[in-house]
Structure formats: C-alpha cells, structure tokens
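To keep things clear, I will list the structure first and then write my remarks on it.
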Amino acid sequence: SRDDGKPWRVLVTGGSGLVGMSLQRVVKEMGGAKEGEQWKFLSSKDANLLNLEDTRKVFEKFQPTHVIHLAAMVGGLFMNMRRNLDFLRNNLTINDNVLLAAHEVGVTKVVSCLSTCIFPHEVTYPIDESKIQLGPPHASNYGYSYAKRMIVVLNQGYYEQYGRRYTAVIPTNVFGPHDNFSLEDGHVLPGLVHKAYLAKRDKTPLEVLGSGTPKRQFIYSVDLARLILWSMRDYEEIDPIILCGDDESEVSIKEAAEAVMKATDYDGEMVFDKSKADGVFKKTASNAKLRKYLPDFKFTPFHQALKETCDWFSANYESSRK
Ligand code: NDP
C-alpha cells in the first residue's frame, strides 16, 4: 500500500467528460487540491482503457496513490437500446482493467462512478443503497446496468481478498457544461438545453417529447465533483453511496423544460409530443445516507446551475459536443 503520508497522486479516468471537466474546475480553480498533491486527468487519447496493457502503462507511469474512475461508455436511452451488448462488454472491460491496474500499482483508494439508472426495474421507491441487486434492471439498458453493478462486486472482492478500499458513488442524472448536448444520443436535460437554444434562435416553439409529467432528479456536475472529492478524502465505506440533492431536486420534465426556457431567456411557446414514450413515472432516490455524513452540504440551486449550463452552451455552441 502506498498510503505513506506523502502527498497524494490522483489519477482521474474520464477526465475529459462532463463529470471529469467539472472535477478539473473544482480541483484547479475552486481550491479542491491540497498542497503538494499531483493530479492527472486522462482522456481516451492518453490511454484506451479497453486495452489492459495501455491501462497498465499509464498507471505504471504516473504511479497514483488514489484514483477517481469516471471513464465509461455513456449514452442516452436510444443508443443503449440499440447497443446493449457493446455497453455491457466495453464497460465490464474498462472497469476490470482500471481496478486491476490500480491494485497492481498499489493504489490505496479508488472511487468509481455508478448511476441510479442501474437499479432494479421493479423496486419500491425511494431507492437506496441496499436495493442495487434486488432484481433485474430495466430491459432498455441492461448492458450498462449489469456492467456498473459488477463494480460493486469487484470492490467487495478487492476488499475481502486484498484489503483495498475501492468504493463507488451513485449520482442521479448529471448536467452541466461540457455535457453531450446531442438531440438524438444524449440525456433529457442537455437535449432540452440544445432545443431551447435552437427555438430561441429560430423563433420556433420548444418541443418536449412525452407528456412532461414524469419526474427526474438532476445533480449539477460541479456539485457532483465536490462530492466525489469528499468521498475520495473522507468516505471510508466499501459500499456505495447515492449522491443527489434533497426532495426539491426532483422536478417534472415540464418543470425542467420551463426552467430551461427561463435560463435561455426565451418566452416562446412550449409543445408536448404526447405520442412519444414517457419512461418510468418517477424513480426517486434517497440521499439519507449522504445527509447522515454531510448534513450541511449546500447544493447549487437548480435555476442557477441551469443558467450556468445554458450560458456555457450558447458561448461554446460551435465547439460543444452535440
Ligand atoms: P462522458 O461521456 O461525458 O465522458 C466519458 C469519459 O470517459 C470521457 O472522458 C472519455 O474520454 C472517457 N472514455 C470513454 N471510453 C474510454 C476508453 N475506452 N478509454 C479511455 N477513456 C474513455 O461521461 P460523463 O462525464 O457523463 O460520465 C462520467 C461517469 O459518470 C460515468 O462513469 C457515467 O457512467 C457516470 N454517470 C453519468 C451520468 C450522466 O447523467 N451523465 C449519470 C450517472 C452516472 P474522451 O473524452 O477522450 O472520449
């Protein structure tokens, strides 16, 4: 083990993605790093984590003491439905390679990232940390879900067999700057941000898919980054922890769309395409465990976080992922 009191060397996989870019901001601009600490943020250009030898090389070179593992094959509902096998195999491989390489160079702590969408389809709400393996995930994204669930099993194995403190966090839907704002392959909120931008530009109505009534919980990528940093420094359990806001973080798609219109400063019309599927009505997650550890953590108000995201998207429209 390399926990010898020396300054930490933190390796972040997926450092160029939505969550990774916020973590860079929190570490580099918001005082998140401690004196003497070395941070390295990887993208797929530094190492293809699907390849074990590439993965080992980057770990052997940097010699991390701590790892934040964010890299994954990520996509919206429709891409998941088309490519469940790819999501399963690629994510299983990436996760197995990263945890093995971390173990081999003596990394003391790894924080990996799960997602609340991996929970059983048939489950009693609110979901909490004890319910991950209580039944099969929704058929639409079983590949991504089972691969993520295996991180929990791997972490347990590395602890039982080698005493490693490898753990995981479980965020709800994440949004923020540097998201994938694709209208086809992205998540619901960045899709709405993009649509509202176009609606304002072209003076057309904002079209929302479905009835607008389903409810979802969103977490701002900057808040998530601060919480991931906390979990790396202070969360000692091997069992995962759900990271999401309090009850008011759960909003209907209609409320989210209205908030996006407001943040885009567009007072045009909003129409609902009710012929499109709604998905699960709500999938409330409990943040009771998080609140037990951090009763005073302040989440960025939804409207403010959305405003920052919409402003970023419009300032970076040309170069953004979409
Ligand atoms: P992004 O799609 O924004 O970023 C994915 C990151 O993984 C990128 O840095 C990408 O590198 C890297 N990556 C992908 N494949 C490989 C590979 N083969 N080798 C090396 N690096 C690779 O994802 P997010 O930031 O949204 O997600 C981060 C984590 O959070 C993931 O584990 C995801 O499952 C989880 N999560 C995300 C949620 C969300 O709403 N977005 C919700 C809940 C959990 P490159 O930039 O070079 O392509």
Side-chain angles (χ1 to χ4, degrees), residues 11-25 40-59 67-77 79-80 83 86-99 101 110-119 127 137 141 143-152 168-182 185-193 216-225 227-228 231 240-245 249 256 283 285 305 309 319-322:
L11 187 66
V12 181
T13 72
S16 52
L18 163 65
V19 182
M21 290 301 286
S22 299
L23 193 59
Q24 295 209 33
R25 193 172 145 204
K40 186 160 180 68
F41 293 87
L42 299 178
S43 79
S44 62
K45 292 187 191 77
D46 298 294
N48 177 8
L49 302 174
L50 285 166
N51 179 301
L52 180 58
E53 287 320 308
D54 276 16
T55 308
R56 278 183 167 139
K57 256 186 223 144
V58 78
F59 274 72
V67 170
I68 296 176
H69 172 38
L70 306 173
M73 181 182 180
V74 179
L77 176 67
M79 188 173 153
N80 269 280
R83 298 181 60 193
D86 292 341
F87 275 89
L88 177 68
R89 295 192 61 232
N90 290 346
N91 285 316
L92 279 175
T93 303
I94 289 175
N95 298 334
D96 190 42
N97 288 349
V98 166
L99 292 180
V110 179
V111 178
S112 298
C113 207
L114 313 179
S115 163
T116 47
C117 71
I118 71 167
F119 276 85
I127 48 181
N141 67 344
Y144 177 84
S145 301
Y146 276 120
K148 288 281 184 191
R149 287 184 187 190
M150 284 308 115
I151 290 181
V152 181
V169 295
I170 317 178
T172 51
N173 297 279
V174 189
F175 71 99
H178 304 279
D179 205 341
N180 177 1
F181 293 90
S182 162
D185 277 341
H187 291 113
V188 48
L189 202 55
L192 284 172
V193 169
R216 294 292 180 266
Q217 277 164 307
F218 298 99
I219 183 167
Y220 188 35
S221 56
V222 177
D223 292 338
L224 176 58
L227 288 169
I228 288 175
S231 57
I241 181 166
I242 291 174
L243 302 181
C244 76
S249 78
K283 24 185 175 182
T309 306
S319 60
S320 66
R321 266 196 291 171
K322 56 187 184 303

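Counting starts at 1 for both ligands and their atoms, following the listed order.
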I need the nearest protein heavy-atom contact for atom 47 (O) of ligand 1: residue, atom name and distance, please. Ser44 OG, 2.5 Å
Nearest neighbour of atom 33 (C) of ligand 1 from the list Phe41, Tyr144, Phe218, Phe87, on a heavy-atom basis: Tyr144
Does ligand 1 have any atom that is closer than 4.0 Å to a heavy atom of Thr172? yes
Note the single closest protein heavy atom to atom 13 (N) of ligand 1, along with its residue, its atom name and the distance in Å. Ala71 CB, 4.0 Å
Should Val74 and Leu18 count as side-chain neighbours, where that means a heavy-atom distance under 4.5 Å? no
Shortest protein heavy-atom distance from atom 46 (O) of ligand 1, along with the residue and atom involved: Ser16 OG, 2.6 Å
Under-4.0 Å heavy-atom contact with ligand 1, by part of His187 that carries it: side chain
Under 3.5 Å, side chain of Asn97 to main-chain N/O of Leu49, donor-acceptor pair present? yes
I'd like to know whether ligand 1 has Met73 as a neighbour, heavy-atom separation below 4.0 Å. no
If you take the nearest heavy atom of each of Val12, Thr93, Leu70, which one is closest to atom 28 (C) of ligand 1? Leu70
Side chains of Phe87 and Asn141: closer than 4.5 Å at any heavy-atom pair? no
Taking only heavy atoms of Pro171 into account, list the atoms of ligand 1 that are under 4.0 Å away from them. 43 (C), 44 (C)
Atom 6 (C) of ligand 1: which protein heavy atom is closest, and how many Å away? Gly14 CA, 3.6 Å
When only distance counts, is Leu42 in polar contact with ligand 1, meaning an N/O pair under 3.5 Å? no
Could you tell me if Arg149 sits above the aromatic ring of Tyr146, with its cationic atom closer than 6.0 Å to the ring centre and no more than 45 degrees from the axis? yes
Would you say Cys113 and Leu70 make side-chain contact, with heavy atoms under 4.5 Å? yes
Test your reading of the structure: does Asn48 have an N or O sitting under 3.5 Å from an N or O of ligand 1? yes
Min N/O separation Lys148 to ligand 1 under 3.5 Å: yes
Would you check the N or O atoms of Leu18, main chain and side chain alike, for any that come under 3.5 Å of an N or O of ligand 1? yes
Between Ser112, Ser115, Ala168, Ala72, which one has a non-hydrogen atom sitting closest to atom 15 (N) of ligand 1? Ala72
Can you check side chain to side chain donor-acceptor pair (under 3.5 Å) on Asn95 and His69, steps first, answer last? CA-CA 8 Å; Asn95 298 334; His69 172 38; 2.8 Å; yes
the protein heavy atom lying closest to atom 30 (O) of ligand 1 turns out to be Cys113 SG, 3.3 Å
Tell me if a side-chain donor or acceptor on Asn91 pairs with a main-chain N or O of Met73 at a distance below 3.5 Å. yes
Is it true that a side-chain atom of Asn180 and a backbone atom of Gly75 form a donor plus acceptor pair closer than 3.5 Å? no
Could you tell me how the ring of Phe218 sits relative to the ring of Phe175: parallel (under 30°), tilted (30 to 60°) or perpendicular (over 60°)? perpendicular
Side chains of Leu50 and Ile94: does their closest heavy-atom pair fall under 4.5 Å? yes
Return the residue, atom name and 0.1 Å-rounded distance of the protein heavy atom closest to atom 19 (N) of ligand 1. Leu49 N, 3.0 Å
Can you check whether Arg321 has an N/O within less than 3.5 Å of an N/O in ligand 1? yes
Could you tell me whether the side chain of Asn51 and the main chain of Glu53 form a donor-acceptor pair under 3.5 Å? yes
Qualifying residue for side-chain contact (heavy atoms from CB on, under 4.5 Å) with Ser112, from Val152, Ile151, Ile68: Ile151
Using a strict cut-off of 4.0 Å, indicate which atoms of ligand 1 neighbour a heavy atom of Leu50. 18 (N)
Does some side-chain heavy atom of Thr309 sit less than 4.5 Å from a side-chain heavy atom of Asp179? no
Please check this pair: side chain of Gln24 against backbone of Phe41, looking for a donor-acceptor N/O pair closer than 3.5 Å. no
Of the protein's non-hydrogen atoms, which lies at the shortest distance from atom 40 (O) of ligand 1, and what is that distance? Val174 N, 2.9 Å
Per-atom filter on ligand 1: closer than 4.0 angstrom to a heavy atom of Ala47 are 19 (N), 20 (C)
If you have a sec, work out which protein heavy atom is nearest atom 4 (O) of ligand 1 and how many Å separate them, to one decimal? Gly17 CA, 3.3 Å
Under 4.0 Å from a heavy atom of Leu114: give me the atoms of ligand 1 that qualify, with their elements. 43 (C), 44 (C)
